[in-house]
Every structure is written in C-alpha cells, then in structure tokens.
Amino acid sequence: MKRTSLALRITVVCLAIAAVAVVVAGLVAARLIRTTGTDVLRQSLSAQADVVASQLDETGIGNRLGIGKAAEVVRGQGIDVVVRRPNGTLDGAGTVASIAATKAGFGRSGTVLVEGQQYLVEGRTVGAKGAAFALVQSTKLGEARGRMLVRNTVLALGAGLAVAAIAGLVLSRMLSRPLRRAASVASGMRSGRRDLRVPVEGPSEVADVAKSVNELADALQYSEARQREFLLSVSHELRTPLTAVTGFAEAIGDGVAEGEDARRAGQTIHREAARLERLVSDLLELARLGADEFRLDPARLDLAALVGECADVWRLRCARQNVTLLVERPDGEVPVVADPRRLRQVVDGLAENALRVTPAGAPIVFSLVAADGQARLAVRDGGPGLAPEDYPVAFERGVLNKRYRDSRPVGSGIGLALAHGLVTRMGGTLTAGPAPEGGAAFTVAFRLG
C-alpha cells in the first residue's frame, strides 16, 4: 500500500487547521462587523439628533427644520428629517421617512421595518406643546460598510491561509529532510555499510531519531567485530584438535604408529574428539540460550545438597591431579528456585575451569553462604587468577581465551558466557573477582526460596 509522505501530511494538517480558523474567524467577524456597523450608525444618528435638538425650541422648529440650514446639513448626509408641528401636522407626510418616524413614535428611538427595509429612527420632543422631529436613516449604509469590512477581512484571512500553507510546506521539509537522511543511512546499513552516520540536527525528537540510528550503527559495527573475533577464536580452537586427530589418524593408517604408539595415538584421538564434542556442545547450548527452543524447568531445590553432589564427583577428579577440594556449606537446607540440571551444568563448568588452571598442591573451594536473603555459591581456585581489568569482561565470549591461550590452559572460550547466560535466565547473578586462595572466584547468587 502506497503511503503518503510526512511532508504532505504536515502541509494538509496546517491547511486544515488554517481553513477551520479562517471559517470560524470569518463567521464571527461577519457577525461582529454587521452588528458593529449598525451600532456605530445608530450612535452617530443619535449624536446628530442631540445636536439638532439643542439648537431648537418650539418657535424655531418649523423654520429651522423645515427650511433652515440645520435640515440642509442633516439631509446632506443622507438623513431624512420628519417634523411634527405643535398642531400635529407632519412635514413630508406619506413618505417612507414619515411612516418610519410614526411607527417608531416621535420623541423616541428605535429600528423599524418599512417596505422590507430597516430604518433607524432617532426622535426628539421639543418644548411642551407636542412639537417633535425625527431623524430617519436607512441601515443600508451600515450594511455597505459592513460588507466592505467583511470583504477586507476575508482577504486578510485568505492571505493567512496562504501563509499557513507556505509555513506548513516549509515545516514539513524541515522535519522530513533529517528523517529522509536517517532512512537513507538505515538503507545503507541494511546493505552492509557500517561507516554511515546521520547528522544530529533539527528538533529534539528528530535529533533523537538520528542519534538512535547512529547508536544502532555503532552497536552493529561492534557486534559484527565481536562475531568475527569469536569466529576466529573458535576456528583456532577447532584447528588444534583437528590437526591432532588428522595427524595421529594418518600415522595409524600409514602404519607408522604400531603397538604401544598406536595405542597412545588412539588415546590422543579419543581425547581430542571429546574436546571437539564439548566445544560443539557449548556452541549449541550458547545458540539455544537466545532462542525460543531453549527450555528451563525451574523448581525448588536444596542448593546445599547440590553442592554436596558436585563435591562427590569433583573430589575424585581433583585428587587425580593432586588438587585439594574444600567444601564450605551450612549444615541445614539452602532452598532456591532454579533449574537443577542447568545449575549443575553451571557448577560443573566453573569447576572444570578452576581445575584446568589450578597447579598441583593448590586448593579448589566450593563455598556456599546463605545470608541477607540470598544464597551465594562461590567456586574459588588457587591458580594464577586474572588481571584486575579482566574480571569485568570475564563473561564476554572469547575474551579470556584470546588473552590467556598462549600462557595457560584455556577452554573453548564460550563456557563462561554460557554459564552467565544460564544463571541470568534462571533469575540469578554470576560475578567474577579475586579469590583469597590467590586465583579467581566465580560466585552464583540466587534469592532464598
């Protein structure tokens, strides 16, 4: 479905708002102008009637209004003058003006309708003998002025509408230009470009979009660099056992290794194959950890009992390498909620890492402490430990493998990342730090359940 552009939408919205404002303002203005024009006309007529009345008395009403200069001045402004003499006779009887004055009543003011036309009447009584006069003026003059004002107002509102359209177009372009740049950069990123960035400019919301796109580009660049580094690390780990397997297999196949040499070659092949199997298993587990197919079966378990089971297995393996396994745990039950199989996998992985670097005669410690509403299980070793700057990155895939593979025995490079992911998914925490025994300590913590 084809979508309209942001620029067009903003322009249309500005026009719609301006149009509504024009219509409402026009209606209100027309009403006010029409009413105001009539009111101004009535006030002017009343003022003139007051002026004329102030100059008259009963003796002068005839000659001054009938034939005098006052009547000429008033009539020169388009105003009819109707006189009622003391004897009740009207000057100009039968005219529209006399009819309007009679309807309004001499001596009073009002608006009357004569032959379909509205007239303003301002009447004044002169003396006490019934003499009076009335100034009569059609409202057409006020309406004409009102129409002229309405026309001018409509022109002004139309100009405002045009300005609103131009402003909407300019505003839409200002907003859409940085958004189009962001879309262009995103399209380039989709094509594999990682060197593109969006200028951070414009309103704060638009600048936030540009900043987010740039941060996404930085994150993708970093993530892909880490992936390449991880693949290189895994390739290195795969190459070593594969080389050994291939070499010894060729020796057996060519008949070079016979008897005791063939037996040792077979043992080496078996050992390296097991190492490959562990590496592939770790890779699969790590991949499943972030996928929907990865399952957890949390249950309430006794962490103290699990530590005891692990100690029974690892005590024998440690003894074979002349390493002492020490267990520190409370006598009672330490209940937590976790997946027993996955938690055992984590402890076994940490113990295997510890045994790999612990020299003969040094200890490995399983330490379980329950305090402050938490159960903390630490696997400590008496090995060489890690540099202080390595503890914060210990659970990033392949980092420790790359830094220490030339100086000490290392694993696949993904075991700690896998353990950290498992513990996190189970609602616990896994941290790394120095151990009192001189090596490293990896601590798993869960809420007591």
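These numbers come from a predicted model, not from an experiment.
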pair [X]-[Y]: side-chain heavy atoms closer than 4.5 Å:
| X | Y | answer |
| --- | --- | --- |
| L368 | V334 | yes |
| F395 | L430 | yes |
| S44 | Q48 | yes |
| E328 | V365 | yes |
| M426 | P298 | no |
| L135 | D80 | no |
| V357 | Y404 | no |
| V313 | R344 | yes |

Review point. Of V136, V121, I79, which meets side-chain contact (heavy atoms from CB on, under 4.5 Å) against L45?
Key: I79
Check your understanding: Got a sec, which pairs hit side-chain hydrogen bond (donor to acceptor under 3.5 Å, both in side chains) with one end in residues 301-325, sequence neighbours left out?
Key -> W314-D348
State, to 0.1 Å, how close [X] and [Y] come at their nearest heavy-atom pair, and which atoms those are.
| X | Y | value |
| --- | --- | --- |
| T358 | P363 | CG2-O, 3.8 Å |
| V198 | A210 | CG1-CB, 3.6 Å |
| A394 | L416 | O-CD1, 3.5 Å |
| D195 | R193 | OD1-NE, 2.8 Å |
| I364 | A354 | CD1-C, 3.8 Å |
| G332 | A304 | O-CB, 3.8 Å |

Review point. Which is it for Q345 and L418 under the side-chain contact (heavy atoms from CB on, under 4.5 Å) test, yes or no, and what are the steps along the way?
Key: CA-CA 10 Å; Q345 181 182 354; L418 177 61; 3.8 Å; yes
Review point. So, R42 versus T111: side-chain donor-acceptor pair below 3.5 Å or not?
Key: yes
Review point. For residues S138 and Q118, is any side-chain donor paired with an opposing acceptor at under 3.5 Å?
Key: no
Check your understanding: Hey, is the main chain of L113 close enough, under 3.5 Å, to the side chain of K103 for a donor-acceptor pair?
Key -> yes
Review point. Taking S187 for the side chain and A183 for the main chain, is one N or O donor matched with an acceptor at less than 3.5 Å?
Key: no
Let me have the donor-acceptor pairs involving side chains of residues 434-448, under 3.5 Å, with sequence neighbours excluded, atom names and distances please.
| unit_1 | atom_1 | unit_2 | atom_2 | d |
| --- | --- | --- | --- | --- |
| E437 | OE1 | R380 | NE | 3.0 |
| E437 | OE2 | R380 | NE | 3.2 |
| E437 | OE2 | R380 | NH2 | 2.9 |

Revision key, fill the gap. For D218, the salt bridge (Lys or Arg N to Asp or Glu O under 4.0 Å) test, sequence neighbours excluded, returns R197
Exercise for review: Could you pull out all residues at least two apart from R300 that satisfy salt bridge (Lys or Arg N to Asp or Glu O under 4.0 Å)?
Suggested key: E333
Review point. Rounded to the nearest 0.5 Å, what separation is found between the CG atom of L120 and the OG atom of S109?
Key: 9.5 Å
Practice item. Would you give the length of the straight line joining atom CG of L220 to atom CZ of R190, rounded to the nearest 0.5 angstrom? Key: 13.5 Å
Exercise for review: Mind jotting down which residue pairs meet the salt bridge (charged side-chain N to carboxylate O under 4.0 Å, His left out) criterion with at least one end in residues 363-379? Sequence neighbours excluded, please.
Suggested key: none
Check your understanding: Step by step, would you call L301 with V336 a side-chain contact (heavy atoms from CB on, under 4.5 Å)?
Key -> CA-CA 6 Å; L301 59 92; V336 297; 3.7 Å; yes
Practice item. State whether R341 and D339 are salt-bridged, where the test is any N-O pair (Lys NZ or Arg NE/NH1/NH2 against Asp/Glu carboxylate O) under 4.0 Å. Key: no
Point to revise | Partners passing side-chain contact (heavy atoms from CB on, under 4.5 Å) against P392 (at least two apart in sequence or in another chain) | key: none
Check your understanding: Can you check side-chain contact (heavy atoms from CB on, under 4.5 Å) on L343 and L303, steps first, answer last?
Key -> CA-CA 9 Å; L343 187 55; L303 190 54; 3.7 Å; yes
